[in-house]
Protein chains: 2
Amino acid sequence: MARRNTNRRIGIADVAEKAGVSHATVSRVMNGNAAVDPGIAARVRAAASELKYQPNPVGRSLALGKTDTIGIVVPDLANPTFQAILRGLSIAASQDGYRVLIADSSEVTSEEAILAGEARRRCDGVVLCAPRMGDAELEELAPTLHPLVLINRTTVATNTPSLSVDYGQGIQELAQHLVGLGHRRLAFLSGPEHSASNRQRLVGLEKFRKEHPEIELQMLHGGSNFDSGHESTEAIIASGATGILAFNDLVAMGLLSGLHEHGLRVPEDISVTGFDDIPFAKYTTPPLTTAAVPINELGSLAWRRMREQIQQAGEPTTQAQDEFSPRMEIRKSTAAPALKPA
Amino acid sequence: MARRNTNRRIGIADVAEKAGVSHATVSRVMNGNAAVDPGIAARVRAAASELKYQPNPVGRSLALGKTDTIGIVVPDLANPTFQAILRGLSIAASQDGYRVLIADSSEVTSEEAILAGEARRRCDGVVLCAPRMGDAELEELAPTLHPLVLINRTTVATNTPSLSVDYGQGIQELAQHLVGLGHRRLAFLSGPEHSASNRQRLVGLEKFRKEHPEIELQMLHGGSNFDSGHESTEAIIASGATGILAFNDLVAMGLLSGLHEHGLRVPEDISVTGFDDIPFAKYTTPPLTTAAVPINELGSLAWRRMREQIQQAGEPTTQAQDEFSPRMEIRKSTAAPALKPA
DNA sequence: GAATCATGAGAAAGCGTTTTCTCAGAGCGT
DNA sequence: ACGCTCTGAGAAAACGCTTTCTCATGATTC
């Protein structure tokens, strides 16, 4: 006897009474699960629409053991990449009648597991987006979250599908591009320390270094947003590099703006690349050379992988490990260096 | 007898059995609602943590009649403004233990009411963000959605709190700013037809026209994103106006890029203003003069108004109608016009 | 020492659905 | 006309929790 009965929403019981049938019959009519006499069905439907009856999803969820909702955990909702994934996921999921519940960990690593667990209990599955937690913790957490889809991380133990972008490959191609233009002094403006995608970039660049020992490649610390790019301007100028690989487009844009303020021209004086190809990248001045990540696909594919797991619950999951290769997007922020490097 | 019992998650019954107490006692211990013998409580807690018991939120929701979730309906999740509102809302709500469920109407007006209704049934309240539906429909829908918070729209009938931005005022100030710089030929590149905020801008500009009959002010049709701004470039040039009021920052940025491609310099040849002050606005080249909308505040205030309604359920709601005044953000995309207007 | 009271735990109802189980009645064949 | 199957509707259990109600136990008071 929880809530008082007064003033409650109209429920299946009201419809049943009005139509002169049992609860069960109303449920049958609403869901079309079993054969019901057409006459009775019509009566029920009339009663339902007259009372504007709408089934209570919570009761439904309890009985069915599913919520038609999936959760997504992201490190920072301010990041356009995660926003785009969220959007792609939401649109794809809604096409199948599912809704998305969001949880923003605000880059607080210790919160991720808690948020994910909570989301999982409320939802039929969880998408874990670029988690910052350590490998061991992820390995332990993953099985408890199933159905789970991982973005930008992988796990070995369980067969959880993962979607990732080959950041190592992309950053190498960008570096190649700069070298091809004639640059000999490069600098990488790195991202957040706990970011797995940042580590991938570092690994890729290490490989690049081995293959091009003649090229100077400096590593500079930075962040993942505008401001950190902007703040790094002086360090970049001091580095003497002519080709700058920014962690992502946001950082590149901040840097672009900082360089402009210092009177340096891009690409004449210095070349800058981004990463991600966020929608804004092609509208910067100059338009940004970057590695395009098929971000919309990521969101919708995440949903497809989730749906597969939800549908074939129990069956041997097909452990899909999708990896996307970034596509070079050569624009105007890169060019051959001036003859006499600064 | 819905699902088969096999393989089910561990529930309150398991804890009760393990601790040798009744379901009720476990519930009492978990929620701290009533006095429980410390010894028994400890036993229950031990059993719970040993079994890693986590209450099922669906069962909880059904019993409590609340879901600790609120819904938000937005016209387009790709729009940075709505992304920012979503983010502010989500962060504020999570501080109080609430989660956010999202619904994207994809600008399909007819879907809004359905999505909102569905969201409301699943959640404890709904935030309706810049709905495109007509006034009559909104008026009819609002009472059925309570607790409801409206953003960028108001409603008279019920006492639902609303948050809005004085777009009319902001656009007038921007126009004033241009006139103050010496511009005499202005053009407004308008937004989506169904957008209430676009109508507000038009009303504001009508007022401006009355007060400044000597100023030429053209109205051009446009959209709300980069591309529409970009596409309008030629129409803008053809208009002969020297001061352009873009619908929002996105449109302004697209326009900036288009003008650049046509060899026109901003602000020397033509001045451009945006609206919203999205994070990117200060990093464009040149940095964009715009009217700043306190977008983060909007999201968190939306939550505060929602929380007020949820808490004082039943009590006379305080029908708050908050209106924000945009703040002029004068940057480098506006300047005095060339002596001889094009 | 008996009556009263406070404390705290268990039984059970209730939240709003779905689904199984059961059974009445109709239709059919012999 | 009898028994069989079949259709379809109601009764009730189940989902997992909270909370009221009830009652036993031990403490308090006269």
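Lettering follows sequence order; numbering is per chain, from 1.
- As rounded to whole Å, 17 Å separates atom C1' of D:dT19 from atom CE of B:Met30.
- Residue A:Ala24 has its side chain nearest to D:dG10 when only D:dG10, C:dT17, D:dC17 are considered.
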**Item:** Audit row: A:Ser90, B:Asp104, side-chain hydrogen bond (donor to acceptor under 3.5 Å, both in side chains) steps and yes/no
**Value:** CA-CA 8 Å; A:Ser90 166; B:Asp104 182 343; 5.5 Å; no

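- Residue B:Asn56 contributes atom CG, which lies 13 Å from atom C1' of D:dT18 at whole-angstrom precision.
- For the pair A:Leu62 CG and D:dG16 C1', the computed distance is 6 Å after rounding to whole Å.
- Taking atom CG on A:Asp14 and atom C1' on C:dT17, their separation rounds to 13 Å, with Å as the unit.
- D:dA14 atom C1' lies 15 Å from atom NE2 of A:His23, rounded to whole Å.
- Between B:Arg28 and D:dT19 there is no side-chain N or O to OP1 or OP2 distance below 4.0 Å.
- Other residues, nucleotides and ligands contribute at most 12 non-hydrogen atoms within 6.0 Å of the CD atom of B:Glu140.
- Atom CG in A:Leu64 sits roughly 11 Å away from atom P in C:dT20 (whole-Å rounding).
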**Request:** Please step through side-chain hydrogen bond (donor to acceptor under 3.5 Å, both in side chains) for the pair A:Ser197 and A:Ser195, ending with a clear verdict.
**Result:** CA-CA 5 Å; A:Ser197 79; A:Ser195 158; 3.1 Å; yes

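- A close approach under 4.0 Å does occur between a side-chain nitrogen or oxygen of B:Tyr53 and OP1 or OP2 of D:dC17.
- Atom NE2 in B:His23 sits 9.0 Å away from atom CG in B:Asp14 (nearest 0.5 Å).
- At a threshold of 4.0 angstrom between heavy atoms, the contacts of B:Ser27 include nucleobase atoms, whether or not backbone atoms are also involved.
- The separation between A:Arg121 atom CZ and D:dC17 atom P is 11 Å, rounded to whole Å.
- Look at B:Asn31 and you'll find a side-chain N or O under 4.0 angstrom from OP1 or OP2 of D:dT18.
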**Asked** How far apart are the C-alpha atoms of B:Glu111 and B:Ser105, what are their side-chain angles, what is the distance that settles it, and do they pass the side-chain hydrogen bond (donor to acceptor under 3.5 Å, both in side chains) test?
**Response** CA-CA 6 Å; B:Glu111 280 288 298; B:Ser105 73; over 6 Å; no

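- Using a 4.0 Å cut-off, some side-chain N or O of A:Thr25 falls inside it from OP1 or OP2 of D:dG10.
- Across all strands, A:Val21 comes closer than 4.0 Å only to sugar-phosphate atoms, never to a base (heavy-atom distances).
- Between the P atom of C:dG27 and the CG atom of A:Asp37 lies a distance of 12 Å, rounded to the nearest Å.
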